[in-house]
Amino acid sequence: MSRVVVLDHPLIDHKMAKVRDKNTDTKTFRENVNEIGGLITFEITRDLDTKEIIVETPITKTTCKVLSKDVIIVPILRAGLGMVDGIQMIIPTAKVGHVGMYRDEETLEPHEYYAKFPDEITTGSVLVVDPMLATGGSASAAIDAVKKRGAIDIRFVGLVGCPEGVKRLQEDHPDVDIYLAALDEKLNEVGYIVPGLGDCGDRLFGTK
Ligand code: PRP
Ligand code: URA
């Protein structure tokens, strides 16, 4: 069974209050989503593999640790894009793959419409990123998509999840740890997270 890590940090809580507030404007919303993406990265990457190298300081030679594998960020389009810059601020060498998913508004079933990944997807540490883990359908299908291309070392990174989405993802992908800024109460009858933050893609891109 995978681990579920809910970040418990005053800075993240403070920024989550901004993104949950319906009166927050698009620019502030986007900035805070990205900043939470950056903060959350510190915890997600805690157990990444490292290797030792010899570095010559101005004083002497010493042994240092560096990441031993590529990191590949895979945002689920559209809303996942909102966290990429924040994560890349912390891991500037990370490569980015993309997977496009939209939820059918009636059935809530995810549909893949785009997929493009770097070759390192098979050997790197893959962060599948989507701010919202609602039914879990989109995240599960996106993880299917990266596994189909050979990804093995995979983590899911979100802002807001709910018990329904966590359960679905743990059942479908017991090998994928889940990192969230907040775990909310439930899904409502039309598939939105309660209390949540509304439609994340629309709020990021100003489409509503
Ligand atoms: C939203 C969100 C997730 C998905 C979560 O995307 O960004 O991808 O819903 O819901 P689920 O867990 O029930 O699958 P949406 O389909 O609205 O597309 P968008 O990001 O392009 O707006
Ligand atoms: N997608 C969103 O953007 N928000 C939700 O609450 C659920 C799915």
Side-chain angles (χ1 to χ4, degrees), residues 2 4 6 15-26 28-37 40 73-87 96-117 126-148 154-174 176-208:
S2 66
V4 181
V6 181
K15 291 175 192 298
M16 282 302 299
K18 274 268 176 251
V19 301
R20 287 187 191 280
D21 186 341
K22 69 175 184 180
N23 295 314
T24 296
D25 62 80
T26 305
T28 311
F29 184 85
R30 198 170 51 236
E31 286 168 354
N32 278 273
V33 168
N34 254 318
E35 286 165 9
I36 297 168
I40 222 174
I73 308 166
V74 178
I76 303 178
L77 308 181
R78 291 176 300 168
L81 289 174
M83 296 170 72
V84 173
D85 287 351
I87 300 174
V96 182
H98 294 88
V99 58
M101 293 278 168
Y102 71 88
R103 273 199 326 176
D104 182 299
E105 288 186 4
E106 298 292 319
T107 64
L108 301 182
E109 282 301 311
H111 295 273
E112 182 179 318
Y113 60 88
Y114 185 78
K116 180 107 181 153
F117 305 110
V126 177
L127 310 178
V128 174
V129 177
D130 191 323
M132 310 309 288
L133 181 64
T135 64
S138 303
S140 181
I143 293 168
D144 283 338
V146 296
K147 283 186 174 173
K148 205 166 85 187
I154 306 166
R155 294 161 180 75
F156 176 81
V157 188
L159 245 53
V160 186
C162 59
E164 295 87 337
V166 167
K167 180 169 182 286
R168 164 90 186 262
L169 206 50
Q170 284 191 311
E171 281 169 5
D172 290 357
H173 298 288
V176 175
D177 287 342
I178 301 169
Y179 295 84
L180 298 168
L183 182 59
D184 280 9
E185 189 191 329
K186 60 176 183 183
L187 273 188
N188 70 12
E189 59 289 350
V190 287
Y192 277 82
I193 297 173
V194 181
L197 50 78
D199 189 308
C200 194
D202 283 343
R203 295 194 66 192
L204 277 169
F205 298 109
T207 42
K208 206 170 262 177

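Remember, it's 1-based here, ligands and their atoms both numbered in the order they're listed. This is a predicted model, so every value here is computed, not measured. Hydrogens, waters and symmetry mates play no part in the numbers below; they use all other heavy atoms, side chains included.
Rounded to the nearest 0.5 Å, atoms OG1 (Thr207) and CG (Asp202) are 3.5 Å apart.
If you look at Ala134 next to ligand 2, the close heavy atoms, those under 4.0 Å, all belong to the side chain.
For the side chain to side chain contact (heavy atoms under 4.5 Å, CB included) criterion with Ile193, the lone passing option out of Leu187, Leu183, Thr135 is Leu187. Val74 pairs in a side chain to side chain contact (heavy atoms under 4.5 Å, CB included) with only one of the listed residues (Val157, Val99, Ile154, Ile143), which is Val99.
At the shortest separation from atom 5 (C) of ligand 2 among protein heavy atoms lies Tyr192 CD2, 3.4 Å. In terms of protein heavy atoms, atom 4 (N) of ligand 2 is closest to Gly198 O, 2.8 Å.
Within ligand 2, the atoms closer than 4.0 Å to a non-hydrogen atom of Gly191 are 7 (C), numbered from 1 in the order shown. Close contacts between ligand 2 and Asp199 involve ligand atoms 3 (O) [criterion: under 4.0 Å to a heavy atom]. Proximity to Ile193 (heavy-atom distance under 4.0 Å) selects the following atoms of ligand 2: 5 (C), 6 (O). Each of the following atoms of ligand 2 lies closer than 4.0 Å to a heavy atom of Cys200: 2 (C), 3 (O).
Under the 4.0 Å criterion applied to side-chain N and carboxylate O atoms, Arg20 and Asp184 are assigned as salt-bridge partners.
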Less than 3.5 Å apart, N/O on ligand 1 and N/O on the protein: could you list those pairs with the distances?
| from | atom 1 | to | atom 2 | distance (Å) |
| --- | --- | --- | --- | --- |
| ligand 1 | 7 (O) | Asp130 | OD1 | 3.2 |
| ligand 1 | 8 (O) | Asp130 | OD2 | 2.4 |
| ligand 1 | 12 (O) | Ala134 | N | 2.9 |
| ligand 1 | 12 (O) | Thr135 | N | 3.1 |
| ligand 1 | 12 (O) | Gly136 | N | 2.9 |
| ligand 1 | 13 (O) | Arg103 | NH1 | 2.8 |
| ligand 1 | 13 (O) | Thr135 | N | 2.9 |
| ligand 1 | 13 (O) | Thr135 | OG1 | 2.5 |
| ligand 1 | 14 (O) | Ser138 | N | 2.9 |
| ligand 1 | 14 (O) | Ser138 | OG | 2.6 |
| ligand 1 | 16 (O) | Arg103 | N | 2.8 |
| ligand 1 | 20 (O) | Arg78 | N | 3.2 |
| ligand 1 | 20 (O) | Ala79 | N | 3.2 |
| ligand 1 | 21 (O) | Arg78 | N | 3.3 |
| ligand 1 | 21 (O) | Arg78 | NE | 3.0 |
| ligand 1 | 22 (O) | Arg78 | NE | 3.4 |
| ligand 1 | 22 (O) | Arg78 | NH2 | 2.9 |

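Looking only at distances, a side-chain donor or acceptor of Asn32 sits under 3.5 Å from a matching main-chain atom of Thr28.
Across every non-hydrogen atom of Val166 and Ile178, the tightest pair is O-CD1, 4.2 Å.
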